[in-house]
Amino acid sequence: MIFDLNLGLGTILVPILLILVFASLRILREYERGVVFQLGRFWKVKGPGLVIVIPGIQQMVRVDLRVVTMDVQPQDVISRDNVSVKVNAVVFFRVVDPQKAIIQVEEFLMATSQLAQTTLRVVLGKHELDEMLAERERLNIDVQKILDAQTDAWGVKVTNVEIKHIDLNESMIRAIARQAEAERERRAKVIHAEGEKQAAAALLEAATTLAQRPEAMQLRYLQTMTQVAGDRATTVVLPLPLDVLAALAPKAPPAGGGVADSGA
């Protein structure tokens, strides 16, 4: 009778023990860690590999250590020069301390997402629209540094932030196009004026050189006549020296001379 009782207890206990053993086994992948709590208190971080968790006494929370790619929803941002734009970005981060990621914050994914949205609005709101469009790399670094500093207490490392797109309304796009066109016209005028200045300086230097030798001016005159004769033009312009024109012009009577003769 005693033998039968022991046999019956063994038949019942062995399956229960086997079930408890299999229930206590956990397998963690290389990129996973397990935060183990014993009777509600933090015990240790385990993994990767085979991990034993005592059922009913210990609980384990899995944490993924791989880099998480998170899209930041489009945010309405008002720049420092009062321009309203929509900005979206992408944040790359990973968990470096599983203990802090589970204990210090309820859901580190949601917390990081909300913090990224707020930081993006705050940082971009301190810059003008031209800075957002031209200095995007510097803004990415600023947002990344702020996020990394604030998520350090959660055991989260923000590795990179990229602003993907800055959406402008149609009126602002047209205004920017007009501004760019005006800027190009300004540059064209400046370049043209600079060319005129350089040409005037070169002409002044050439005139100074020709004035030193009169025969050089005569050779230049003959060269010009040769070029004019080679052109098939109906109108021929003959340049004459100013001293020749002055000699052909009638001389004016001396001032007051005619009045004195008539009075005599």
Side-chain angles (χ1 to χ4, degrees), residues 9-77 86-124 136-167:
L9 291 175
T11 305
I12 296 174
L13 291 177
V14 170
I16 294 176
L17 291 176
L18 291 177
I19 292 174
L20 291 176
V21 169
F22 282 109
S24 63
L25 298 179
R26 302 287 190 277
I27 296 178
L28 298 178
R29 297 180 178 87
E30 183 66 30
Y31 55 83
E32 291 180 329
R33 297 295 184 271
V35 180
V36 181
F37 296 89
Q38 183 168 306
L39 297 177
R41 297 176 62 88
F42 171 75
W43 185 41
K44 65 168 56 176
V45 177
K46 291 186 176 182
L50 182 63
V51 177
I52 298 177
V53 179
I54 302 174
I57 299 177
Q58 296 178 341
Q59 297 85 30
M60 186 185 71
V61 181
R62 294 175 182 262
V63 181
D64 197 328
L65 301 184
R66 292 178 294 181
V67 175
V68 179
T69 303
M70 176 180 293
D71 281 330
V72 180
Q73 298 178 358
Q75 301 297 310
D76 292 325
V77 179
K86 281 185 175 293
V87 182
N88 60 345
V90 58
V91 180
F92 301 89
F93 65 93
R94 61 186 180 90
V95 177
V96 294
D97 192 336
Q99 176 184 351
K100 292 181 179 179
I102 298 300
I103 297 177
Q104 299 297 330
V105 62
E106 181 179 0
E107 294 184 9
F108 64 90
L109 291 175
M110 179 62 67
T112 304
S113 175
Q114 295 297 322
L115 182 61
Q117 296 177 23
T118 305
T119 305
L120 188 65
R121 290 195 300 267
V122 172
V123 172
L124 296 185
R136 187 174 300 183
E137 189 67 27
R138 182 171 64 86
L139 296 178
N140 292 337
I141 296 175
D142 293 343
V143 176
Q144 185 266 331
K145 288 182 178 179
I146 295 175
L147 282 178
D148 190 29
Q150 295 184 357
T151 58
D152 183 66
W154 304 341
V156 175
K157 172 66 177 179
V158 178
T159 58
N160 194 14
V161 176
E162 292 291 337
I163 298 175
K164 295 194 300 184
H165 184 64
I166 298 177
D167 190 13

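What you see below is based on every heavy atom in this structure, not just the backbone, and it leaves out hydrogens, waters and symmetry mates. Quick caveat: nothing in here was measured; it's all calculated off a predicted structure.
Listed for the K46 side chain is a donor-acceptor partner under 3.5 Å among the backbone atoms of I52. With hydrogens and angles ignored, the 3.5 Å screen pairs a side-chain donor or acceptor of Q144 with a backbone N or O of V158. With hydrogens and angles disregarded, no donor-acceptor distance shorter than 3.5 Å links the side chain of E32 to the backbone of L28.
Counting heavy-atom neighbours within 6.0 Å of K164 NZ, excluding the residue itself, gives a total above 12. Counting non-hydrogen atoms of other residues, nucleotides and ligands closer than 6.0 Å to CD of Q73 gives a total of 12 or fewer. Around atom CG of L25, more than 12 heavy atoms belonging to other residues, nucleotides or ligands sit under 6.0 Å away.
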(message) As a quick check of understanding, evaluate side-chain contact (heavy atoms from CB on, under 4.5 Å) for L50 and I27, giving each step before the final call.
(response) CA-CA 5 Å; L50 182 63; I27 296 178; 4.1 Å; yes
(request) For the pair F108 and V68, evaluate side-chain contact (heavy atoms from CB on, under 4.5 Å) and give the outcome as yes or no after the intermediate values. (result) CA-CA 11 Å; F108 64 90; V68 179; 5.6 Å; no
(request) Take L109 and F93 through the test side-chain contact (heavy atoms from CB on, under 4.5 Å) and record every step on the way to the result. (result) CA-CA 10 Å; L109 291 175; F93 65 93; 3.6 Å; yes
(message) Does T119 form a side-chain contact (heavy atoms from CB on, under 4.5 Å) with Q150? I'd like the steps, not just the answer.
(response) CA-CA 10 Å; T119 305; Q150 295 184 357; 4.3 Å; yes
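From D152, atom CG reaches atom CG of L147 across 12.5 Å, with rounding to the nearest 0.5 Å. Atom CE in M70 sits 9.0 Å away from atom CD in Q117 (nearest 0.5 Å). Here OG1 of T151 is found 11.5 Å from CD1 of I146. Values are rounded to the nearest 0.5 Å. One finds the CZ atom of R94 at 8.0 Å from the NZ atom of K157 (value rounded to the nearest 0.5 Å). With rounding to the nearest 0.5 angstrom, the CZ atom of R62 is 7.0 Å from the CZ atom of R29. Atom CG in L115 sits 13.0 Å away from atom CE in M110 (nearest 0.5 Å).
R136 places a side-chain heavy atom less than 4.5 Å from the side chain of I166. Between K86 and D76, the closest side-chain pair of non-hydrogen atoms falls below 4.5 Å. Within the 4.5 Å cutoff, the side chain of W43 has no heavy atoms near those of the V53 side chain. Within the 4.5 Å cutoff, the side chain of D71 has no heavy atoms near those of the N88 side chain.
Nearest approach of D148 to V156, heavy atoms of both residues: OD1-O, 4.2 Å. Shown here for L120 and A89, the closest heavy-atom pair between the two residues is CD2-CB, 4.1 Å. Nearest heavy atoms, N140 versus E162: ND2-OE1, 3.3 Å. The nearest pair of heavy atoms linking Q59 to G40 is OE1-N, 4.3 Å. Between T112 and W154, the closest heavy-atom pair is N-CZ3, 3.9 Å. Of all the heavy atoms in V91 and A116, the pair that sits closest is CG2-CB, 3.9 Å.
A side-chain contact (heavy atoms from CB on, under 4.5 Å) with V51 holds for exactly one of R26, R33, Q58; it is R26.
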